[in-house]
Peer 1: 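Below is the structure I would like to discuss, written out as structure tokens.
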Amino acid sequence: MDLKQLQQRGEFEWLLPATGRMRVPGVIFASRELVAAMDEKVREQIANVAGLPGIVSAAYAMPDAHWGYGFPIGGVAAFDADDGGVVSAGGVGFDISCGVRTLHTGLKLADVERDKRRLADALFARIPAGVGSTGTIHLGAAEMNAMLKGGARWAVAAGYGSDADLAHIEEHGCVAGADPAAVSDQAKKRQRDEMGTLGSGNHYLEVQVVSEIFDAAAAAAYGLAAGDVVVSIHCGSRGLGHQIGTDYLREMVVAAPAAGISLPDRELACAPLKSSLGKRYLGAMRAGINCALANRQILTHLARGAFAAVFPGVKLPLLYDVSHNTCKEESHRVDGNKRRLFVHRKGATRAFGPGHVELPPEYAKVGQPVLIGGSMGTASWILAGSAGTEERAFGSACHGAGRAMSRHEAMRRWQGRALVDELAARGILIRSPSLRGVAEEAPLAYKDVGAVVDSSDRAGLAGKVARLTPLVCIKG
DNA sequence: ATGTGC
């Protein structure tokens with residue numbers, strides 16, 4: 001990106017002044033190097049988002065921002081319904097409520113190293129992974145609706161976990177206002193057999209060791225110490241979320257002109273929050289969020305079963321669960337006034353700072369855990385929402401590394417089998433139904449997550465707490 | 001991301 005188009009406001013903050021159709025400025029939080037490496041398309045997309053009706057304060061980009069469908073991935077934008085604000089299917093993304101959760105194991109590195117191969121095989125045998133993977137749960141129509149309304153709370157009531165899990169999930173595992181009737185039969189049909197499955201692409205279940213602590217107080221509050229083994233699960237709402245995105249994107253493109261919305265890019269298709277289409281999308285999108293929360297809850301149950309088979313008596317309590325493709329109704333202070341806003345976070349994580357009323361009491365002093373998935377074979381990170389983050393980008397931070405090259409290019413450069421062998425030689429066991437998928441997810445096909453995390457820390461979005469290094473990866 | 005792809 002051409003830095004001359006931007007005004008530097010701090011070492012890690014860049015302003016794109018409002019010109020032309022922009023109603024508000026754009027703001028990018030990243031180091032000079034990361035901004036310079038971003039595609040010009042990111043600037044164009046930030047400017048486009050800044051021109052949407054009812055946008056509040058600014059269109060934001062996180063340090064891992066890259067070109068996405070309509071909105072950039074790593075984009076944050078809030079809208080006021082009373083000011084003509086909109087909701088956008090492309091602003092949430094296709095994998096609704098894709099996210100990460102991390103579980104404690106109570107085990108240390110040496111405990112797991114002894115039985116690593118058996119653990120990898122036990123997890124791979126129990127965690128359905130890959131394109132079109134199906135599980136052992138088959139939902140009828142009534143159960144489907146109950147799941148879409150209840151999210152992880154439904155999963156816990158069905159026997160997949162405990163109330164303690166719910167206390168460590170955003171919105172206690174169930175977002176209000178989900179409307180199963182707004183979800184198409186096609187979307188439900190695609191999900192019928194996909195509960196408790198990982199999916200493909202960059203989704204994974206990983207066994208990791210805490211390799212370094214950066215913030216002792218936050219680590220203590222989160223129950224983390226160097227050498228601890230944890231499990232992280234990265235996945236979303238599978239076929240259901242994708243179908244909801246497809247259905248509503250189409251509808252929003254068609255309805256936009258009649259709603260008085262002229263779009264510089266049809267991928268920005270959106271609907272007024274107060275319109276019936278906007279309300280139906282919100283209801284369906286929230287059902288998609290609940291589906292993802294239920295899915296990660298069931299996968300947690302499966303992981304617990306695999307661990308118990310190898311390490312009898314081991315419990316896997318939930319540290320936290322975050323979503324990074326959502327639109328959430330939240331209260332935020334803007335120019336001194338509290339306002340109800342609809343915050344789109346697409347490839348961006350909620351990152352509430354210390355003292356926020358929605359945090360579990362045990363984390364309130366240090367801020368929300370922000371879980372950052374690395375690429376296969378590289379580090380993942382646990383951050384803590386920084387003080388004042390609500391005044392910066394509505395309480396948001398980065399979500400991951402972001403691709404550095406296309407899947408196609410990665411496939412040309414690497415072979416899945418060679419990558420699996422190479423990682424095994426470094427002590428990282430990969431289990432995947434697809435060697436092609438492994439090649440597409442080659443570590444070097446992604447940007448350096450460390451640089452993204454450093455920028456997030458230094459920009460005051462979310463601070464470094466712990467680095468996690470992979471031991472076993474079940475790859476979709 | 002995705003019953004990957006028009």
Side-chain angles (χ1 to χ4, degrees), chain A residues 64-75 88-101 128-135 137-139 144 183-205 233-250 266-267 269 284-285 287-289 291-293 295-296 299 322-327 344-349 373-376 399-412 416 432-442 445-446 474-476:
Chain A
D64 50 341
H66 54 286
W67 180 22
Y69 188 96
F71 282 50
I73 296 161
S88 165
V92 171
F94 282 85
D95 190 3
I96 294 168
S97 197
C98 180
V100 180
R101 64 165 52 189
V131 178
S133 49
T134 54
I137 299 164
H138 311 286
L139 295 184
M144 174 67 69
V183 178
S184 69
D185 289 343
Q186 180 66 6
K188 291 173 181 170
K189 187 178 160 197
R190 285 180 65 172
Q191 197 59 30
R192 216 163 39 189
D193 305 317
E194 288 195 344
M195 295 310 295
T197 66
L198 210 46
S200 63
N202 66 353
H203 289 170
Y204 59 78
L205 181 149
I233 299 171
H234 178 204
C235 68
S237 52
R238 306 286 286 109
L240 181 125
H242 192 268
Q243 190 64 45
I244 291 170
T246 305
D247 291 340
Y248 279 94
L249 202 83
R250 190 180 300 142
R266 59 178 270 137
E267 293 185 359
M285 187 267 309
I289 291 178
C291 175
L293 297 177
N295 192 33
R296 290 198 285 275
L299 285 162
V322 298
S323 295
H324 49 227
N325 280 351
T326 58
C327 175
H344 294 65
R345 295 189 184 88
K346 179 186 186 183
T349 309
S375 54
M376 183 180 62
H399 86 304
R403 290 198 79 89
M405 71 178 69
S406 69
R407 295 184 175 281
H408 191 80
E409 176 66 15
M411 268 225 298
R412 281 199 344 196
S432 174
S434 163
L435 285 173
R436 173 184 167 169
V438 170
E440 289 179 352
E441 295 296 317
Y446 281 82
I474 309 303
K475 191 81 194 159

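In what follows, chains are A, B, ... by sequence order, proteins preceding strands, each numbered from 1. If you're wondering where the values come from, they're calculated on a predicted model, not measured in any experiment. Quick note: numbers below take in every heavy atom, side chains included, and nothing from hydrogens, waters or symmetry partners.
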Peer 1: Atom CZ of A:R407 and atom C1' of B:dT4: how far apart are they, to the nearest Å?
Peer 2: 9 Å
Peer 1: Whole angstrom is fine here: how far is it from NZ in A:K189 over to P in B:dT2?
Peer 2: 18 Å
Peer 1: Given atom CG of A:L435 and atom P of B:dT4, what is their separation to the nearest angstrom?
Peer 2: 18 Å
Peer 1: Just how far, in rounded Å, is P of B:dT2 from OH of A:Y248?
Peer 2: 21 Å
Peer 1: Could you walk me through whether A:H399 and A:H234 pass the ring-ring contact (aromatic ring centres under 6.0 Å, His included) check?
Peer 2: CA-CA 11 Å; A:H399 86 304; A:H234 178 204; 7.6 Å; no
Peer 1: Does A:T246 reach a base, just sugar-phosphate, or nothing at all? Heavy atoms under 4.0 Å.
Peer 2: nothing
Peer 1: List the atom of A:G245, the atom of A:F94, and the distance in Å for their closest heavy-atom pair.
Peer 2: C-CE2, 4.0 Å
Peer 1: Whether the side chain of A:K346 engages the backbone of A:F71 through a donor-acceptor N/O pair (distance < 3.5 Å, no angle test) should be reported.
Peer 2: yes
Peer 1: Applying a 4.0 Å non-hydrogen cut-off, can you work out what A:G236 is touching in the nucleic acid: base, sugar-phosphate, or nothing?
Peer 2: nothing
Peer 1: Is there a side-chain polar atom (N or O) of A:S200 under 4.0 Å from OP1 or OP2 of B:dT4?
Peer 2: no
Peer 1: Contact class for A:E440 (heavy atom, under 4.0 Å): base, sugar-phosphate, or nothing?
Peer 2: nothing
Peer 1: In whole angstroms, how far is the C1' atom of B:dT4 from the CD atom of A:E194?
Peer 2: 13 Å
Peer 1: Measure CG/A:N295 against P/B:dT2 and give the value in whole Å, please.
Peer 2: 10 Å
Peer 1: Take atom CZ of A:R238 and atom C1' of B:dT4, then tell me their distance rounded to the nearest Å.
Peer 2: 12 Å
Peer 1: Classify A:R436 by what it touches in the nucleic acid, base, sugar-phosphate, or nothing, heavy-atom distance under 4.0 Å.
Peer 2: base
Peer 1: Tell me the closest heavy-atom pair linking A:L198 and A:G476, and the distance in Å.
Peer 2: CD2-N, 4.5 Å
Peer 1: Nearest-Å distance, CE (A:M411) to C1' (B:dG5)?
Peer 2: 11 Å
